[in-house]
Every structure is written in structure tokens, then in C-alpha cells.
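One structure below.
Every chain is numbered from 1, with letters handed out A, B, ... down the list of sequences.
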There are 2 protein chains.
Amino acid sequence: MPKSEKEPVSKRVKTASNASSVGTINDTGAIYKPKFSDSLSRVNNFSIIESTLREGEQFGNAFFTTEDKVKIAKALDDFGVEYIEITSPAASEQSRQDCITICNLGLKAKILTHVRCHMDDARIAVETGVDGLDVVIGTSSYLREFSHGKDMDYIIKQATEVITFIKSKGLEVRFSSEDSFRSDLVDLLNLYKTVDKLGVNRVGIADTVGCANPRQVYDLVKTLRGVVSCDIECHFHNDTGCAIANAYAALEAGATHIDTSVLGIGERNGITPLGGLCARMYVADKQYVMDKYDLHKLREVENLVAETVQIQVPFNNYITGYCAFTHKAGIHAKAILNNPSTYEILKPDDFGYVSIGHRLTGWNAVKNRVQQLGLKLSDDEVKEVTSQIKQLADLKPLGIEEVDTLLRVFHDKMNTPAED
Amino acid sequence: MPKSEKEPVSKRVKTASNASSVGTINDTGAIYKPKFSDSLSRVNNFSIIESTLREGEQFGNAFFTTEDKVKIAKALDDFGVEYIEITSPAASEQSRQDCITICNLGLKAKILTHVRCHMDDARIAVETGVDGLDVVIGTSSYLREFSHGKDMDYIIKQATEVITFIKSKGLEVRFSSEDSFRSDLVDLLNLYKTVDKLGVNRVGIADTVGCANPRQVYDLVKTLRGVVSCDIECHFHNDTGCAIANAYAALEAGATHIDTSVLGIGERNGITPLGGLCARMYVADKQYVMDKYDLHKLREVENLVAETVQIQVPFNNYITGYCAFTHKAGIHAKAILNNPSTYEILKPDDFGYVSIGHRLTGWNAVKNRVQQLGLKLSDDEVKEVTSQIKQLADLKPLGIEEVDTLLRVFHDKMNTPAED
């Protein structure tokens, strides 16, 4: 039964979202969900291939010891990713040993390794205990030039040998091109059609140079979806800032698997970040994402990786960045205090800090703080003290303690009976 | 001649790109350009409204002194942005004075300020010397709820008064909603149609909560493009990682102006970053972007803002991040050395560093370094020394100096006559 062997992992995941697929406004701002169910879309039925231990190892700062790799693999498994991809065992002897070590951890996640489309690499990889091989054509130059038949024949011959070999070992196999968006479309589709017939579990599309845009991605994936029956994996670099949006567009067009790394680390400025993808997909289907992944562990796994590769979590990082929930504008602070979901679609039940000690503050935000402190002031009085805060904050921003003191002093003054 | 008064700034910019609008592969990987010219698209005819001094002032860490504001405004002007948007002079007395100061700098960029749709704010703003007012409806709650006529009438009445007043002063005016993607579409279009007839220069769409995706953006902007004849400005928050991709989708659908801030600073994790947008647009039309903006000054303006708000430029920042051009994988390093444009679409003539002292290195990268050092080794010898590098690098990554020493020692050994 070759079909059942190939059942995509993503189908095994509970799809809790079917009942709520029609767009209505709820506390997660669900109007961002598609209004009509789209038969192509997999935004609520996808898998993550977490590649911190492969793509991430190509990050300039990365040097993972065996211990680092084990820690990161365990943390990713706890988080709930479906797959963990690790560096080719053909890269070095230590890489091979580490691959075996990770396969022996007994994780829930499937372990993949990423190898060139070459029998030498495939032979080494199948002996390590991995669940599958992500096979990639080594350089994009082939695909950019192979409109003449010889290269195409050569690739198909090599792909056939490698894929047949991996399948004979009972392992999952993905076949991917590099630089898919600069490849000749007809050659690319022809190649994928051929490997699909050979029984690969997935074909892969890669924006290796990080320059594709969402509409290109949607069009290519949608076209490919009509050509192959296997799953479709996508890999997006972030050089021009579209790695998350491209992943989303790919899922909308029927892709099934997205490659991520923690904080996006990888070649150059990296790929689709795990946390950023979770933010995006949470907006599309909160319940589905929360059922699959333990979002509370995101910060922990990010801190682990940041420490290991000696980088700082960027100030503007998705969800966990230190200012992800900071609001200053008066009109926004007011709305947030009334209803956090107004401006805070992500994790409204999480830490939501409203700063009021600055010159852009508004009296509604100050009024809320007055109430929190249990002070009694009329609206006119709140407006007056707001004006004082703004004057002081024009010189320098005030901490919450300073604002509180100011409010208490003002309150006492207002409520002290005039001397008579 | 009200039409000539309204001529969009973006039309004044030289469009150097018309001759090269058909997609061919060149050194910038121009297949990323649209293959066919699209009558809607403005990807090679847009303006930037740089909002570091408005949206950026709402960033948690921001407190700009007058001196800071002047420095940043001058740096942005040198970079070449078409507009600089600054905090409402109604926010505080110092904000008002700073607004006047910036208007008096004599910058090439037009100066805008951002005010609530309220006569009090408009009256203060028109006296500061700004070139235009970006008017916004203060809270999204109106637009989310005003399907009943009263609110709609109220908004239109207020908008009419404010817009008519600003136009009577001969200033540019933009009218924007907040939270446009969660607003009732019919009401939104009705409102924009009304203000278009009142003669606004631009209408604005804002993804205030940062949760729209590129296909939604494309659809809404395209629809709006068919409803209004004025320019269309877009403002995208980055909570779910689509701020750059959404800006690009908006331009594809006919938007004319994009809001940015340096490093994306703003409420929560911010908006479309200036540098990231430049990376994206450079890929779409390199010559157009380089003619308009002095990209060599990007790092300088980013460092200025980072220092002022006391943040670090993220490790993975577009173009200027310290690993934006770092490659490690052997197969990639080889291709880069042969032809930088293979994997490095951005600034191939800029700093492109290839690290070879790690265990994932390949012999082609090592061979190139051997040649750079003027050493003579056969391919077999290069493969042998590569194997040595990989063994050593399996223990710890090697610096370029260590690799060079290793290569020189190996070379000397190979070229020393055997003792006889």
C-alpha cells in the first residue's frame, strides 16, 4: 500500500478549525480568516519542518556542539514541530555522529536530513536512523540552464537513482530544486511531475536568494498543485522581507510544509522564523495553531538558540520582542484599555503594557490608571492632570512610578478641603 | 487648476525604468520583475512617506529631543525620501515648536504632520509651515461599527469641514481610516469616494493591528483604485511579519505612497522598515530605486536612529545586518565566488563575505582562496587540504587567518623537494 505509507504528516494533525471557518469577528479579529473556504488553502492544515539544525547551522555565527544540538532538538520537540531537519551526515564525521545521536533521542518529531541529490550522500544518510531525506539538487545553475535536454536527462537519471534507493530503505523522501523562482517553469514542472511519479513524499520549492514575492509564490505553488499529487514543501529566504508572507501565500495556494528556523537564522539574513510564522498562522486560525504548538515555550526556545549562537533577540522580534506589546499613542492606549483586541490581535490575554508617562499620552489612558489606583477624579480633573503629565513628559519621559506619584499628589490636592 | 495642484509627487520622479520593464535575467536577477507590464502596478513609480519622526516616536524606547529630530530629518532628506512625517503639533507644546523648526530647515523633502480629523488639531497644524496634513479618523471603533447611518454622517461632516479647511490653506491633505482591513468594505469605499470628491490628494489605508496579508491588501487596494482618482497611501504594521510584503502588494495593486520608519520602529514591533522596503523595491527595479535614494547612506541613517532610541540594529537586518552577506554552505560559497549574483541579488558589488573555515566548507571555495593567496595547488591537493580544514573545523570554526596559515603551510609542504 504505497499510498498509506505516504500519508502526509499534516493529515494526522487534528484539524480543530473546520467548525469556525466562516469569517466572523471574534476576539482574535477573525476577519483576517478567509471569508470563504478555499479548496486549495492549507492555512489550517500544514506542518513545520524546523531547520535550525540545518539551515541554522549555515548562519554565520552558528557552531553547534553535540550538546547544543541535543538541547535544541529537544526544545523544538517540546514546542511541537512536526519535523526537525539536521545537517547532512556527509558534511563531516561529527555531523554524521550528531545525526545518529539525535535520531536516538526518541523524539515525537520526525527527523530529516538534508542531502545533495547524490548516491554518496544518500548512502551515508540512510544508515543514520533518520525518518527521511530532504534531497536537493546541488546548484541552481542546472535549473537555470537546462533547457537543453542533456542536463535535464542527467538530473532525472540521478534523481531516479537516489529516490528509488531511499524509498527502498522505507524512508520518507523529498525532492527539491534550488532557486525555483528563477528556474525555467516548464523544466521545473516536468522535473517535479517525474519525481512525483517516482513516489516522492514531497516536492520542494526554494526561494534560495530571498527575492520572490507573495503573488509569484501563490502562482507557482498553485500551478504546481495542479501538476503533482504529493505534498509541497516551501523554503523562503528573507533578504527582501517576504519570508513569512511568502510562506502564508504558499499555504493559501496549497503548499503543505513550511521550512522555518528559530529567529530565522540561516544563510545571510535567514529564512522564515518559527515565531513569526506562528504569529501569522495564529491570526489565520488561532485554535489550530494553539492545539499543535506550545506557544508558551516559544520564548524559551528562542532564548536557547540566541544564547547558543550568541546573538540578541531583535528588539522587534515577533511576539517575544521586548516592545511587541508596547503602545504609546493616546488614542491607541485608550482603545487597548477598553478592549485589548482592538489593536492587539496577538495574545490579547498575554502581557500587554500601556505606557502613559509620555507627551503623546491621552486622558483616557490616564483615567484608566487613576481608576486602577483607586483614586476619584472627575473627567475634567483627569484632563487637567493629563496636561501636567504632558508638560513634564515634554522634558523627559516619566516612569510609571513617577506618573503614579503625580496622580496621587494631584488627587490629594483636589480632595483636600480648602483652608477656611 | 485644482488638478495640477494635486499632481502626485511620485509623478515628478524620473521613471528611468520604462525601457527595461520586460523581464530578462540580468545581474540583479531581473526575473523578479514582472514579466509583463501591469497597468495597475506602481512598483517603479512610488513615493516614501518616512514616519520615523511620527510613528517612530510612538516606539516604546523613543524620546526625541529637538536636536535628535533635526538630525534625523536631515539624514532622511539626504537619503532622498520624498516626504517626512512628524508628530502632530497638537500633541504637546514642544512637539509644535519642533514641527516649526523642521519646517524651517529648508529640506528637499515635503514635511507632513499627522493629525486627528478634528478642527482643533488642523488649526494648530496649518500654522506650523508644513506642506501637508495626514488626517486620520481617531479610532477604528467608528469604522467597525458605523453601518448605521448616524456615525457615517458624523464622520463625513467632520471630514468635510477639516479637508475643506486644509485645502483653503493651500496645503496637501491625506484622509485615512485606521484598521482599514477590519472596517466594513462598503462604508469604507463610500467614505473614500466622498473625500476623493472633496479633493484630497491621497486616501490612506492602514493595517493598524498588523494582521493583513498580501492577497487581502492587493484586493482592497485594487478595489479602491477603481473607486477614487486620488493617490493611495498605505501604512502597514509588522505584527505578523507582512509589513514589507504588504507594501509591495499594495504597490502592485496601484498604491502610490508607502509609509516607512527607520528600522521599522513604531507601535509594538513597528511598521514597514525603510531599509527593508528599499531591498524589496531594488529587486523589482534596481535603477529606479538607486536613482531616487542614496542607498549608501542607509547604514548611516539606521545607526543614527538606533543610537537615538538606544536599540541594536538586529543581527538579521535587511542589507546592513552583520550577516546579510555571509555564506557558509560549500555549494553556495562556490557559486558566489563564480558569480556573486547567483545567491546575492542584493548589492552584488557590495561587501560579500565568504567564510571557508567551517566544517560545511567545500573545496571550490578553498580553491578560490588558494588562488587569491597566489598559491599553486592541484585540485587533488585542494581537496586534501579541504578535508584537513573540515577535520579541524569540526572541533571549532577557523578564522580566515587560521585558514590562510593552514593553506600556506600545506602549500610549502607540497612544494618542498623531498629529502634525498
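Using a distance-only test at 3.5 Å, with no hydrogens or angles considered, no donor-acceptor pair links the side chain of A:Arg280 to the main chain of B:Asp239.
With a 4.5 Å cut-off on non-hydrogen atoms, B:Asn238 touches chain A through its backbone and its side chain both. Interface residue B:Ala393: only backbone heavy atoms are found under 4.5 Å from chain A. Contact of B:Thr87 with chain A is made through the side chain alone, with heavy-atom distances under 4.5 Å.
How far NZ of A:Lys390 is from CD of B:Glu93: 12.0 Å, rounded to the nearest 0.5 Å. Rounded to the nearest 0.5 Å, atoms CD1 (B:Ile244) and CD1 (A:Ile244) are 9.5 Å apart. Note that CD of B:Gln216 is 8.0 Å distant from CD of A:Glu252, once rounded to the nearest 0.5 Å.
Closest heavy-atom contact between B:Asn316 and A:Pro314: OD1-CG, 4.0 Å. The shortest heavy-atom contact between B:Ala279 and A:Thr240 is O-CG2, 3.6 Å. Considering every non-hydrogen atom in both A:Gln312 and B:Phe315, the closest pair reads O-CD2, 3.9 Å.
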